[in-house]
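Step one of this worksheet: look at the structure below.
In this chain, residues are counted from 1 in sequence order. Just follow the structure's listing: the first ligand is 1, and inside any ligand the first atom is 1. Keep in mind that this is a model prediction, so the values were computed, not measured.
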Amino acid sequence: MTLSESIHYRAGSLHCDDVPIRQIVAHVGTPVYIYSLRRVLANLARIRRAFASLNPHIHYSAKANANITILTALVNARAGIDAVSAGEIHRALLAGAEPNDIVFAGVGKTPNEIGYALEHNVGWINVENEGELVFINEMAQSLNFPPVRIALRLNPDIGADTHPYIATGHGGAKFGLPVETIRSILARQGQLKGVSIEGIHVHIGSQLHNTAATQQAVQKALDLIAPYERIRTVNIGGGLPVAYHDGESIPAWEDFAAALTPLLRGYSVILEPGRSVIADAGILVASVIYVKEQAGKRFLITDASMSELIRPALYQARHQIIPVTQQSGGELPYEIVGPVCETTDVLGHDIRLPATAPGELLAVLTTGAYGMVMASNYNQRVRPPEVIVLENGEQWTIARRRETWEDLVRLEQ
Ligand code: LLP
């Protein structure tokens, strides 16, 4: 079972570090996301150790989980932030990030967002199309700003071994710039006085299943910048995978580091990890409302749904689901579903659990990344609270409260 030192059973009762999950649920109810800050910081430290010989700048990818308490803890642990919208920049600044430690990325930055990033002096803008570069150049000049530090995002035309919805580096994807476009931009960069092109960026996808494709993509980026001495920063994106299941065959982060380190020696390196920092630090806890046997299947209908966790519905993602209180007895296969009016509202297919009754608590594992950030109010469901167990492992805090029905209508009059 993909349990960890932080998400584990003690005397048959699931804990987050030293706190029984039941204790949190008794105070805040279900569904609820619970994160171990200790695990988040341990993951960050492990990534740092793996890549230590490159001494990289780590910019945590806020899109994975943008809770301000999490961002603050990572900023305090000297992480920069990778932001993909003005909203994420805003959160990063509220969390105390130095503007210079923020990378602003994204395939469709609006003029408003670019203005906001420039006014706040973000450290880097990762550029994904020529029109955007021209716009940034003009805006920086018209505002009399010093040249803005730019990394050009390469689309290396390399497929990633991952779910097609989260692969970004193949030629048909909307992301990045083809090699020829980057060459032509670099050939005329002297005319672009408002920008200073100092970096190359490449990210071929998330939850990567092999190191070879990343190696190839990075090599392509290095070949491209070789003639340009001013470009010595290489941003290799995110993508470090996490185990969603026991025995899943994914390379260790250390394998990625070992594969990339020889190529990148002598460069200034930026990493943008998201999932690897936060995924296995989080769980979604739900209560079983009903048990229903129908069409030869046993359904557990829970109070969590695709509105709280869309990954199974969207990417056919398989998350382990376990009881909060361990029970003995034979296991039965269950379909774990939510109350939302969609057939695809399934949290887990064919999940084997001891006989489970209404009122029991289930934990959906490895949901710290791309869980709450992708939650919606579909079916007018309120988004769940986020609880963080602090680094000492004993205290916990409601880092975001449960929404209310009032919250749901507040913006309409
Ligand atoms: N950098 C760039 C340019 C990215 O596009 C991403 C993720 C990251 C960094 C962070 O990647 P990570 O370390 O988390 O793999 N919602 C999907 C994942 C979408 C990833 C989008 N980009 C999921 O739930 O699997």
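In the model, Glu308 has a side-chain atom that pairs as donor or acceptor with a side-chain atom of Ser305 under 3.5 Å. No side-chain N or O of Gln207 forms a donor-acceptor pair with one of His163 less than 3.5 Å apart.
Within the 6.0 Å centre-distance limit, the rings of His27 and Trp396 are counted as a close aromatic pair.
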Go ahead and list the nitrogen or oxygen contacts between ligand 1 and the protein that come in under 3.5 Å, distances to 0.1 Å, or just say none.
{"from": "ligand 1", "atom 1": "1 (N)", "to": "Glu272", "atom 2": "OE1", "distance (Å)": "2.6"}
{"from": "ligand 1", "atom 1": "5 (O)", "to": "His203", "atom 2": "NE2", "distance (Å)": "3.4"}
{"from": "ligand 1", "atom 1": "13 (O)", "to": "Gly239", "atom 2": "N", "distance (Å)": "3.0"}
{"from": "ligand 1", "atom 1": "13 (O)", "to": "Gly274", "atom 2": "N", "distance (Å)": "2.8"}
{"from": "ligand 1", "atom 1": "14 (O)", "to": "Arg275", "atom 2": "N", "distance (Å)": "2.8"}
{"from": "ligand 1", "atom 1": "14 (O)", "to": "Tyr370", "atom 2": "OH", "distance (Å)": "2.6"}
{"from": "ligand 1", "atom 1": "15 (O)", "to": "Ser206", "atom 2": "OG", "distance (Å)": "2.3"}
{"from": "ligand 1", "atom 1": "15 (O)", "to": "Gly239", "atom 2": "N", "distance (Å)": "3.1"}
{"from": "ligand 1", "atom 1": "16 (N)", "to": "Tyr315", "atom 2": "OH", "distance (Å)": "2.7"}
{"from": "ligand 1", "atom 1": "24 (O)", "to": "Arg311", "atom 2": "NE", "distance (Å)": "2.6"}
{"from": "ligand 1", "atom 1": "25 (O)", "to": "Arg275", "atom 2": "NH1", "distance (Å)": "3.3"}
{"from": "ligand 1", "atom 1": "25 (O)", "to": "Arg275", "atom 2": "NH2", "distance (Å)": "2.8"}
{"from": "ligand 1", "atom 1": "25 (O)", "to": "Arg311", "atom 2": "NE", "distance (Å)": "3.4"}
{"from": "ligand 1", "atom 1": "25 (O)", "to": "Arg311", "atom 2": "NH2", "distance (Å)": "2.9"}

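In this structure, Arg298 does not pair ionically with Asp350, as no charged nitrogen and carboxylate oxygen lie closer than 4.0 Å. Under 4.0 Å is where a charged nitrogen must lie from a carboxylate oxygen, and between Lys109 and Glu132 at least one such pair does.
Ring orientation note: the planes of His120 and Tyr116 are tilted relative to one another, at an angle of 30° to 60°.
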